Each structure stands twice: as C-alpha cells, then as structure tokens.
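Worksheet: the structure to be examined is printed underneath.
The shown structure was predicted, so the numbers you read here are calculated from the model rather than taken from an experiment. Whatever order the structure lists ligands and atoms in, that order sets their numbers, starting from 1. Heavy atoms only: backbone and side chains are in, while hydrogens, waters and symmetry mates are out.
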Amino acid sequence: FDHCFTKKEDGYLYCENLKVQEVMEVVEKRPFYLYSKPQITRNVEAYKDALEGLNSIIGYAIKANNNFMILQHLRSLGCGAVLVSGNELRLALLAGFDPTRCIFNGNGKLLEDLVLAAQEGVFVNIDSEFDLDNIVSAARIAGKKVNVLLRINPDVDPQVHPYVATGNKNSKFGIRNEKLQWFLDAVKSYPDELKLVGAHCHLGSTITKVDIFRDAAAIMVKFIDEIRAQGFDINYLNIGGGLGIDYYHTGTVLPTPRDLIDTVRELVLSRNLNLIIEPGRSLIANTCCFVNRVTGVKTNGTKNFIVIDGSMAELIRPSLYDAYQHIELVSPPPPESAVSTFDVVGPVCESADFLGKNRELPAPARDSGLVVHDAGAYCMSMASTYNLKMRPPEYWVEEDGSVAKIRHGETFEDHMRFFEGLSI
Ligand code: LLP
C-alpha cells in the first residue's frame, strides 16, 4: 500500500496530484477529512488481485468508516459488508450492498435487528447461547431460515493493544472451543430456523504479522473438519479482518493483502472452502488525512505545543489507544522556523486531547495546515461532539483531480435540532 499523500520537492503535501494547501483554500474553514478516491479503488484492487483463484467475499467492516459515498464506491467495486448494528445493516442496504454478501456480527445483536437480517438473507454469526436463541426467534418472526456461522475464539494472541484484541480466550466475543459441541447440537435441533454454513474468527486489529492469521486459520480448519464430520455441509471460512497498516511511515515493509491471503490459500483450497475476509482499516485508513489549521504555538515548562483547530473529538485514536498517526505540515514552514519537539494538541478541555506527542516538526506559521495521516479508519466513525466541536465535513479527490464534498460538516443548528419541540 503506497501512501497517496506525499510531500513533493516543493515542500508541499499532495493528495494524488493536488496540493492539500489548495484544497484548504477552497473549502469551509474548519477541520476536515480529505480522502483519495483512487486510493480506495487501489486498496480494493489489491485485495481482489490477492484473492484471485479463490471463491471469496471481501466483507468491508463498515465500523471503520461509514461514509455513505464511500460505501457506495466500495459496493460498486464488488465489496460485501460486515455489520455490527441494525443501523449499519440499514445503511448497507441503502448503499446497495448485496445482502447475501453481508455478514452480521456482534456479541450483543438485538432481536429486532436480527429480524431484519433474517428477512434480508444476511449471513449471521452466532456469538453466544443467548444470541443463538435470538437468531432462532428472528428466523421464526421473519419466516426465513438463516445462514449462520459459528464465531469461535481460536485463542491466538494477535500481539496488539488489548483494546483491539478480540480472539483470545477471555474475550467478550465469540464462543470457546470447548463449547463447540453444545452449539452444534443446538443448531441441529433447529433445522427449520438455522443452516450452519461456516465458521468465523476475528483475532484483533492492527495485526502486523501474517503468521498469526495462518495459525488461526489452521485451528479453524480443524474445527471445520470436526463440524463436517458430524454431517454439516459447511463451506465458508471467515478469518475476520485485522491487517495492520504502516502508521509510522518509517519505510518498514508490512504484510500486504497478498501476503495475508497467501498464508491461508493452500488451507482454504485443501478443504474446498469459500473464504470470507473482513478488512476495515487496511481498505480505508491510508486513503485519508485529517486536515487542521494551526491556531498557535506555545511553550510551557519543557514542553512545546502546536495547538490546532482539530482535536480528540474529531480523532480519538491517539487519546484512546495511545495510537501513533503520522503528522506533517502541508506547506513549507517559514524560512526562520527551527525544528523542535512538539506535542500536537487540540483546543478540547482535557490533557488527553492530543493528536501526537513528541513530534519533531518545524515551527509552523499560524493558520497554516497540518495533517494527521492514515485517518480513514476509526477516526470520523469514532468522532464525537465533545466540547460541542461538531463532526467535520469530508471531501475526496476524484480520479480527474477534482475535489468533491462527500459529507456535510455538522453544524450548531444540527445540534439544536435535538431540542426542538420538547416540552416537559
Ligand atoms: N471483523 C470484526 C468481527 C471486527 O471486530 C473488526 C474490527 C473487523 C472485522 C475489522 O478489523 P480491521 O480490519 O479494521 O482491523 N477502533 C479501533 C479498532 C477496533 C476494531 C474493532 N473490530 C482502532 O481505532 O484502532
């Protein structure tokens, strides 16, 4: 995955062939997300190429980024969708995703949402005893048999931040291996409601070693053998999402989609399985920068700060997971500017409000642009309105180099609408 935001010799940051500075000059004066549409296409193509020769579904994990225009684009490129709430399911349907290429995941799926999934013919992952119960009820209410997969925890350590590790034995997701027989018996007892079609696992997110996927796939294939031995005709292996990306921009070579698929290809072919993958981050993270303006520079004690107009409200990953996202200025710094170590912080009233710590940067001019890279995944979708910082607008650069708004920024008026017509 190449970076589509690059600094050229003239000292300006470009998105494809467009200066980010020029985009800043023509759009609303507030923090915004800027995407490269061609990069989204290239990321999907990388997965498609990697999957050649396999029967597969690329289930894009909508939680990573739910921009409606982006969803429609991903759908047009042939992606399915991975959903974790009724509203994500509704959105996927509106965006035109083929429901038979959608997977409904989650440890707390609600009955009413399962009913919609059953009506639409979406794959549903069984996550627990009570979840199975709800899926059976949903099938009866919808009058439809549901294609289900069992989400099993292979208990392989993904070697990531604990907040984004999901496939370990004490996880709130999925079922433990020892319970497999109970679930198989339960599925057998509902032949009119459930059709078991596969097994699913998701290990965690930001994984940078593909061996981890191979180990998990090997365990999952053993389960599939066991399940088939009991007469189930199951054909889908879903290995989840989780491939990491190059957040550090240090030139380290990270595994590509091809590396990921190649580690499981033989296993998948040996059992004649359809492969489902659920990438979120690796499809969308590197297609976007969060673009900010420098409000000012200050020093306190031994610390230098660059204060920008964006904050943890629009982009919470650094505050929440101590995540590193690369930061750069969009234009050459003033000639007299010296490089120092800065914390890049927002205006929100708490010390957790930082976008980057200890960054070597030239002191930027006031009002100049500063970007946080790799902001396409889990940034806008996790934005809040804390301190009444409204959710930012989104734009993309199209194939022909033009810029289009793909989501309006939230306004103060939008906020006040929540209180219209209320009386006590
Ligand atoms: N499938 C399942 C069942 C998942 O739980 C997830 C992500 C994915 C697929 C997509 O994983 P990806 O390919 O994007 O790594 N907010 C965190 C990430 C949370 C991931 C949750 N599950 C962050 O900002 O790093």
Side-chain angles (χ1 to χ4, degrees), residues 1 43-44 46-47 57-66 70 74 79-85 88 92 102-109 122-128 131 149-154 158-168 171-175 198-210 212-213 216 220 237-247 254-257 260-261 275-288 290 312 314-325 355 372-384:
F1 290 134
N43 288 354
V44 175
Y47 267 108
I57 297 177
I58 303 174
Y60 166 66
I62 287 190
K63 70 189 100 176
N65 187 311
N66 57 35
I70 292 177
L74 289 167
C79 291
V82 170
L83 323 156
V84 288
S85 70
E88 285 192 356
C102 288
I103 303 105
F104 192 17
N105 251 317
N107 65 316
K109 300 186 283 298
V122 168
F123 289 110
V124 177
N125 278 341
I126 301 176
D127 189 87
S128 63
D131 195 41
L149 290 84
L150 267 177
R151 176 166 180 170
I152 307 172
N153 284 334
Q159 302 172 27
V160 297
H161 190 285
Y163 289 5
V164 294
T166 45
N168 47 322
S171 161
K172 73 166 180 167
F173 302 100
I175 65 166
H200 170 260
C201 68
H202 172 73
L203 309 170
S205 203
T206 67
I207 299 172
T208 51
K209 292 185 190 128
V210 286
I212 293 170
F213 289 100
M220 294 301 290
L237 169 62
N238 183 337
I239 57 165
L243 187 63
I245 63 139
D246 177 24
Y247 278 116
L254 289 179
T256 61
L260 166 64
I261 302 305
L275 180 66
I276 303 179
I277 53 167
E278 305 184 333
R281 191 184 317 270
S282 54
L283 278 179
I284 199 71
N286 73 347
T287 70
C288 174
F290 180 46
M312 69 184 289
E314 296 88 350
L315 198 160
I316 201 175
R317 300 190 66 257
S319 307
L320 189 57
Y321 313 110
D322 240 332
Y324 181 97
Q325 292 188 218
L355 283 303
V372 181
H373 279 275
D374 304 307
Y378 307 108
C379 292
M380 182 59 171
S381 67
M382 294 177 76
S384 75

What residues, two or more places apart in sequence or in another chain, satisfy side-chain contact (heavy atoms from CB on, under 4.5 Å) together with [X]?
X    : value
S85  : N87, E88
Y321 : H161, Y163, V164, R317, A323, M382
D127 : N107, K109, D131, R151, F173

Gap separating the CD1 atom of I245 from the CG atom of L254, nearest 0.5 angstrom: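 The CD1 atom of I245 sits 8.5 Å away from the CG atom of L254.
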For E278 and A61, indicate whether the former's side chain and the latter's backbone hold a donor-acceptor pair under 3.5 Å.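 It does not hold such a pair.
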H200 backbone acceptor or donor facing N238 side chain under 3.5 Å: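 Not at all, since once roles are kept as given, no pair shorter than 3.5 Å links the two residues.
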Within the protein, residues bringing a heavy atom under 4.0 Å of ligand 1, chain by chain: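 Lining ligand 1: A61, K63, N105, R151, V164, H202, S205, G241, G242, E278, P279, G280, R281, R317, Y321, Y378, M382.
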